[in-house]
Amino acid sequence: MSKISIDISHIEKNFKGVKALKDVSMSFQSGKLYGIIGPAGAGKTTLFRIILQLMKQNQGTVFYYKDSKKVRLKDIKDSIAYMPQTQSLYADLSIEEHLEFFKDLYGIDQAIYEKKKQELLTLTRLEKFLDRPAGKLSGGMYKKLGLMCALLRSPQVILLDEPTNGVDPISRREFWDMLHQSVENGILVLMTTAYMDEAERCGEVILMENGHVLAQGEPSNLLKKERVKNFDEFFLKRGGLQ
């Protein structure tokens, strides 16, 4: 598997005079889980849209690398999966019908599909619910189906925008198990969340507030450096979450 990395350099984004992102720089390396942590309005979704070139920044550059060689986004686009806050699933289609749909959409070979499908069903524990329509799934099951559809094409990079928002505690834990399994398989995982308790489950976190980066690094190192017990305290100490 090729290794894909992304560098963000001095990104700025304005909306009608309001700065949504202010001189944002960060780096993402393959085989690691990065959590972009911050409250609503921190600029997390805007950053994702700029990374995916769904939105153009006012200043700054996003660099993409494949095996340490600089490439264009279109050169690696088929290796990137995106799971937005509002997922595009079809309420009347069952779990199995969704998987079949995305198999055809991605042009996945039948033998590869069958193996990947079984791996994902085992990981999500959704084997018994193949015939259930997406519209009748619980919030946690719905999110896991969305992640399954994203992982079906075996991406090397996956961006997840607030994937655990509104999900019950048990499903959140299972969802995190899936993310850590993805990292073990060498996938670069970028996720946003407003849940402070999830920060410590990431390999590295980027803490954002009002469009700028407060800090970036390994969770335990950041907490130790700031002399706080958790990231709620971190943001409160920095004057955030007000």
Side-chain angles (χ1 to χ4, degrees), residues 1 3-4 28-38 44 48 79-89 94-96 98-99 102-103 106 108 112-132 134 136-207 217-223 230-232:
M1 179 186 290
K3 293 183 178 181
I4 294 176
F28 306 113
Q29 304 299 317
S30 63
K32 199 167 184 177
L33 195 162
Y34 294 86
I36 302 173
I37 317 295
K44 307 185 298 295
F48 267 15
S79 300
I80 299 177
Y82 175 45
M83 183 174 157
Q85 289 186 42
T86 303
Q87 296 170 258
S88 301
L89 301 180
S94 68
I95 289 177
E96 184 156 34
H98 271 94
L99 296 177
F102 281 96
K103 178 203 72 172
Y106 297 146
I108 301 172
I112 295 174
Y113 165 72
E114 292 295 341
K115 181 180 179 181
K116 191 69 177 182
K117 170 186 170 183
Q118 191 53 54
E119 289 176 356
L120 292 171
L121 287 172
T122 300
L123 189 60
T124 57
R125 302 176 187 175
L126 293 177
E127 304 102 314
K128 299 179 181 179
F129 307 99
L130 280 173
D131 295 331
R132 184 173 298 184
K136 294 184 179 180
L137 297 176
S138 68
M141 294 169 71
Y142 190 89
K143 290 291 182 75
K144 286 192 285 186
L145 173 58
L147 184 56
M148 284 178 65
C149 293
L151 291 173
L152 194 62
R153 68 192 303 186
S154 299
Q156 295 167 41
V157 181
I158 183 166
L159 288 78
L160 306 109
D161 197 4
E162 305 272 4
T164 56
N165 186 30
V167 175
D168 65 271
I170 293 176
S171 293
R172 279 177 67 189
R173 184 172 65 246
E174 293 176 346
F175 199 93
W176 273 96
D177 288 341
M178 292 179 68
L179 296 185
H180 286 132
Q181 181 63 55
S182 298
V183 172
E184 289 179 11
N185 292 335
I187 297 175
L188 164 57
V189 178
L190 312 182
M191 68 165 290
T192 68
T193 181
Y195 293 131
M196 297 297 116
D197 62 304
E198 293 189 329
E200 296 180 58
R201 301 182 184 184
C202 302
E204 190 166 323
V205 293
I206 298 95
L207 307 179
E218 294 184 3
S220 59
N221 290 342
L222 290 178
L223 294 177
N230 54 54
F231 284 98
D232 283 300

| task | Enumerate the residue pairs fulfilling salt bridge (charged side-chain N to carboxylate O under 4.0 Å, His left out) with a member in residues 190-199, sequence neighbours excluded, ordered by first and then second residue. | result | Arg172-Asp197, Arg172-Glu198

Student check: side-chain heavy atoms of [X] and [Y] closer than 4.5 Å:
X: Gln181; Y: Leu123; result: yes
X: Gln156; Y: Leu188; result: no
X: Ile108; Y: Phe102; result: no
X: Ile4; Y: Ser79; result: yes
X: Ser182; Y: Leu151; result: yes
X: Leu145; Y: Leu137; result: yes
X: Leu99; Y: Lys103; result: no
X: Arg201; Y: Leu33; result: no

Donor-acceptor pair, [X] side chain versus [Y] backbone, under 3.5 Å?
X: Thr164; Y: Val167; value: no
X: Lys3; Y: Ser30; value: no
X: Lys32; Y: Glu204; value: no
X: Tyr82; Y: Phe48; value: no
X: Asn185; Y: Ile187; value: no
X: Lys143; Y: Pro163; value: yes
X: Lys117; Y: Ile112; value: no

Which heavy atom of [X] sits nearest a heavy atom of [Y], and at what distance?
X: Pro219; Y: Gly203; answer: CD-O, 3.7 Å
X: Cys202; Y: Gly35; answer: SG-CA, 3.5 Å
X: Val205; Y: Ala199; answer: CG1-O, 3.2 Å
X: Glu200; Y: Phe231; answer: CG-CE1, 3.7 Å
X: Leu126; Y: Met148; answer: CD1-SD, 3.7 Å
X: Phe129; Y: Met141; answer: CG-CE, 3.6 Å

| Intermediate values then yes/no, side-chain contact (heavy atoms from CB on, under 4.5 Å), Glu174 and Thr124 | CA-CA 7 Å; Glu174 293 176 346; Thr124 57; over 6 Å; no

Would you give the length of the straight line joining atom [atom1] of [X] to atom [atom2] of [Y], rounded to the nearest 0.5 angstrom?
X: Lys128; Y: Leu121; atom1: NZ; atom2: CG; value: 13.0 Å
X: Cys149; Y: Leu89; atom1: SG; atom2: CG; value: 6.0 Å
X: Leu159; Y: Met191; atom1: CG; atom2: CE; value: 11.5 Å
X: Leu179; Y: Ile158; atom1: CG; atom2: CD1; value: 7.5 Å
X: Lys44; Y: Thr192; atom1: NZ; atom2: OG1; value: 5.5 Å
X: Asn230; Y: Met196; atom1: CG; atom2: CE; value: 10.0 Å

| Which pairs with one or both residues in residues 142-179 pass ring-ring contact (aromatic ring centres under 6.0 Å, His included), sequence neighbours excluded? | Trp176-His180

| task | Please identify each residue that fulfils side-chain hydrogen bond (donor to acceptor under 3.5 Å, both in side chains) with Gln85, with sequence neighbours left out. | result | Thr45, Asp161

| task | Return yes if a side-chain donor-acceptor contact under 3.5 Å exists between Ser171 and Asp168, otherwise no. | result | yes

